[in-house]
Amino acid sequence: LVENPYSLIIGDDASGRMSTLMISGFVNKIYEKNDIIKPPVMFFSGSGGRHLTDAELENKSDEIAEKIKMSGTLPDLSGKVLVVTETIETGRGVLSLAKALQKLGLHFDFLSATISMKDDASVVSSEEVNKKSEELRFILGAESLIYGQVGTSASNSQLGMQGVIIDHPT
């Protein structure tokens with residue numbers, strides 16, 4: 001965080017709003033202690049992307065890119081952007097955000113509380129998780145994908161059933 005600071009934080013509104021505010025507060029405390037300029041925070045709806053046609057997704061990414069340019073918070077090309085969301089399953093839901101940043105020529109990372117695996121998985125291997133993470137990073141064009149837990153679509157919707165067991169080889 002200190003050696004390669006973020007110059008902008010973008011939250012996936014509304015599911016990623018709380019996560020974004022918490023991460024922003026954490027980043028700001030670190031940057032304050034190290035005399036680094038605190039990054040501005042912006043919110044864009046990303047969750048509708050999974051229901052958009054390719055043409056609609058392109059239009060939405062153009063709109064987001066334009067809003068970032070017009071906001072006055074556009075980092076220079078040496079800056080890095082952190083995009084925060086709640087859950088990534090296919091990447092399609094936040095693809096418009098990723099495409100907008102690519103159009104602006106910006107480097108970015110994605111931070112997600114959860115990577116969602118297939119619905120029927122109660123135990124997944126660490127290799128499956130790594131493969132899914134790398135696939136999502138590639139789809140989004142992100143430099144890195146940081147996540148907190150692994151879950152399934154089914155487990156994410158059932159109260160008290162969050163996450164899956166990762167079978168780490170011994």
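In this structure, Ser116 and Thr90 have side chains that are not in contact, with every pair of non-hydrogen atoms separated by 4.5 Å or more. Side-chain contact between Ser96 and Leu52 is absent, with no heavy-atom pair separated by less than 4.5 Å.
Between the side chain of Tyr31 and the backbone N or O of Tyr6 there is at least one donor-acceptor pair closer than 3.5 Å. Proximity of a side-chain donor or acceptor of Arg137 to a complementary backbone N or O of Ser144 within less than 3.5 Å is not detected. Using a distance-only test at 3.5 Å, with no hydrogens or angles considered, no donor-acceptor pair links the side chain of Ser112 to the main chain of Ile115.
A salt bridge links Arg92 with Asp54: the distance from a Lys NZ or Arg NE/NH1/NH2 to an Asp or Glu carboxylate oxygen falls below 4.0 Å. Ion pairing between a basic and an acidic side chain is recognised when a charged N comes within 4.0 Å of a carboxylate O; Lys131 and Glu134 show no such pairing. Ion pair Lys60/Glu63 not flagged as a salt bridge, since none of the NZ, NE, NH1 or NH2 atoms sits closer than 4.0 Å to an Asp/Glu carboxylate oxygen.
Here the closest non-hydrogen pair linking Pro39 and Asn28 is CD-OD1, 3.6 Å. Of all heavy-atom pairs between Ser133 and Tyr147, the closest is OG-CE2, 3.8 Å. Scanning all heavy atoms of the two residues, the minimum distance from Ser19 to Glu86 falls at OG-OE1, 3.4 Å.
Remark: Glu89 CD to Lys132 NZ distance equals 5.5 Å, nearest 0.5 Å. Annotation: the span from Ile139 atom CD1 to Ile88 atom CD1 amounts to 10.0 Å, rounded to 0.5 Å. Atoms CG and CZ, from Asp13 and Phe44 in turn, are 10.0 Å apart once rounded to the nearest 0.5 Å. Atoms CE and OG, on Met42 and Ser24 in that order, are 13.0 Å from each other to the nearest 0.5 Å. Between atom CG of residue Leu82 and atom CG of residue Leu111 there is a gap of 5.5 Å, rounded to the nearest 0.5 Å. Here the CG atom belonging to Leu97 is positioned 7.5 Å from the CD1 atom belonging to Ile68, to the nearest 0.5 angstrom.
Under a hydrophobic clustering in which Ile, Leu, Val, Met, Phe, Trp and Tyr are joined whenever their side-chain heavy atoms come within less than 4.5 Å, directly or via other members, Met22 and Val27 fall into different clusters. By the criterion of side-chain heavy atoms lying less than 4.5 angstrom apart, applied directly or through intervening Ile, Leu, Val, Met, Phe, Trp or Tyr residues, Leu8 is not grouped with Ile37; the two fall into different hydrophobic clusters. Note on Phe26: it clusters hydrophobically with Leu21, by side-chain heavy-atom contacts below 4.5 Å among ILVMFWY residues. A continuous path of ILVMFWY side-chain contacts below 4.5 Å connects Ile30 to Ile9, so both sit in one hydrophobic cluster.
With respect to Phe110, the side-chain contact (heavy atoms from CB on, under 4.5 Å) criterion is satisfied by exactly one of Val94, Asp12, Ile10: Val94.
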Side-chain donor-acceptor contacts of residues 98-106 below 3.5 Å, not counting sequence neighbours, with atom names and distances?
residue, atom, partner, partner atom, Å
Lys99, NZ, Glu58, OE2, 3.4
Gln102, NE2, Leu140, O, 3.0
Lys103, NZ, Glu58, O, 3.4
Lys103, NZ, Glu58, OE1, 2.8
Lys103, NZ, Ser61, OG, 2.7
Lys103, NZ, Asp62, OD1, 2.4

